[in-house]
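Keep in mind it's a predicted model, so treat the numbers as computed, not measured. As the structure lists them, so they are numbered: ligands from 1, and atoms in each ligand from 1. Only this structure's heavy atoms are used, side chains among them; waters, hydrogens and symmetry mates stay out.
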Amino acid sequence: MRIALMQHTARPLESEHNLELIDDAAARARAQGAQLLLTPELFGFGYVPAQIRAQVSAEQVDAVRTRLRGIARDRDIALVWSLPGAQAPDRRGITAELADAHGEVLASYQKVQLYGPQEQAAFVPGEQPPLVVSWGGVQVGLLVCYDVEFPEMVRAAAVRGAQLVLVPTALAGDETSVPGILLPARAVENGITLAYANHCGPEGGLVFDGRSVVVGPAGQVLGELGADPGLLVVDLPEPPEERGAGGADYLHDRRAELHRSWL
Ligand SMILES: NC(=O)CCCCC(N)=O
């Protein structure tokens, strides 16, 4: 299976411009044989939580979502996007959704681990575990940004059968430990592949790191980008016949009840 990750700089609240970037990335990804395109967190509006809360209506979110479904359909590629939820501005979270190449939404997930006071003031956290759906013969789970830094969140996707976890993100501040240490660890401890698509460059008062990456079940880097805009196209390895092949099978060996009683 071949997937693509879009890494770019969104323009705050300029959804027409941001959608054109996504459409262009979808066309280029499809031309390179990718079956899915993963895009960064809140890319349609830019990573500007306070401005989204104050200025983006539910109708505007719905219009952008409709356009994204159309891009998936018109470009004949599955698409993962991240938007504000469909609710009123004071009751919505940050979502990630997977649509198939017909533009049909297969999975929706609401970010559980909101990051920092800005996000917590602007959005409502999700309370549900990641939904895992079958797409292209692979069990796919969705998480958003900060979620993936918690072992519990990736484990929740893995115990629900996820083989591939797709993560729209918005990481700034030169946090090299996230793509460099945490993501490989999450992949190894669950025997899964993780794809992490970030913003890059100056946007909304922050400077995003880029460093989008795909990490395989042994923690191996299958593809990565630097600090500039780009399209990362990666051929995913076949999911391992059985987890832990050649190593520990943490999911099988863990003493979950005992661990739960300690935490
Ligand atoms: N949008 C986000 O969830 C940002 C998470 C950044 C976490 C970090 N370690 O800097």
Side-chain angles (χ1 to χ4, degrees), residues 5-13 15 18 21-22 38-56 61 64 80-85 89 92-98 108-130 141-157 165-187 189 194-215 219 224-227 229:
L5 283 67
M6 169 191 175
Q7 176 173 293
H8 218 298
T9 307
R11 287 187 190 160
L13 306 189
S15 52
N18 301 332
L21 292 176
I22 292 174
L38 172 61
T39 64
E41 183 180 13
L42 291 174
F43 197 85
F45 293 100
Y47 184 77
V48 282
Q51 293 180 65
I52 289 172
R53 175 69 172 74
Q55 302 178 51
V56 175
V61 173
V64 168
V80 174
W81 64 74
S82 168
L83 284 176
R92 65 194 176 193
I94 298 174
T95 71
E97 293 189 292
L98 165 64
S108 291
Y109 164 75
Q110 183 174 339
K111 184 178 185 179
V112 167
Q113 299 288 166
L114 294 176
Y115 179 74
Q118 263 226 21
E119 275 192 24
Q120 289 157 10
F123 296 106
V124 173
E127 305 288 336
Q128 297 304 313
L142 300 174
L143 291 173
V144 181
C145 200
Y146 199 35
D147 285 332
V148 79
E149 300 181 36
F150 295 81
E152 298 87 346
M153 295 300 300
V154 183
R155 177 83 14 111
V165 174
L166 302 170
V167 188
T169 195
L171 182 68
D174 201 21
E175 291 283 351
T176 56
S177 62
V178 178
I181 299 174
L182 292 182
L183 284 172
R186 298 287 171 272
E189 63 196 8
L194 284 163
Y196 185 79
N198 197 13
H199 298 245
C200 62
E203 179 186 324
L206 296 171
V207 178
F208 288 91
D209 297 353
R211 292 200 191 95
S212 298
V213 66
V214 181
V215 183
E224 59 186 337
L225 293 175

Exercise for review: Over 60° means perpendicular and under 30° means parallel, so classify the ring planes of His199 and Phe43, tilted if in between.
Suggested key: tilted
**Study point:** Arg155/Glu189 ion pair, N-O < 4.0 Å
**Key:** no
Check your understanding: Can you list, by chain and residue number, every protein residue with a non-hydrogen atom closer than 4.0 Å to ligand 1?
Key -> Glu41, Tyr47, Lys111, Tyr115, Glu119, Cys145, Tyr146, Glu149, Ala170, Leu171, Glu175, Val178
Check your understanding: Can you find a heavy atom in the side chain of Tyr196 that is under 4.5 Å from one in the side chain of Val215?
Key -> no
**Study point:** side-chain contact (heavy atoms from CB on, under 4.5 Å), paired with Pro168, selected from Leu38, Thr95, Ile94
**Key:** Leu38
Point to revise | Pair Glu203 + Arg11, salt bridge at N-O below 4.0 Å | key: no
Only pairs under 3.5 Å count here: list side-chain donor-acceptor contacts from residues 143-154, not counting sequence neighbours, and write none if there are none.
from: Asp147; atom 1: OD1; to: Tyr109; atom 2: OH; distance (Å): 3.4
from: Asp147; atom 1: OD1; to: Val112; atom 2: N; distance (Å): 3.3
from: Asp147; atom 1: OD1; to: Gln113; atom 2: N; distance (Å): 2.8
from: Asp147; atom 1: OD2; to: Tyr109; atom 2: OH; distance (Å): 2.7
from: Asp147; atom 1: OD2; to: Val144; atom 2: N; distance (Å): 3.0

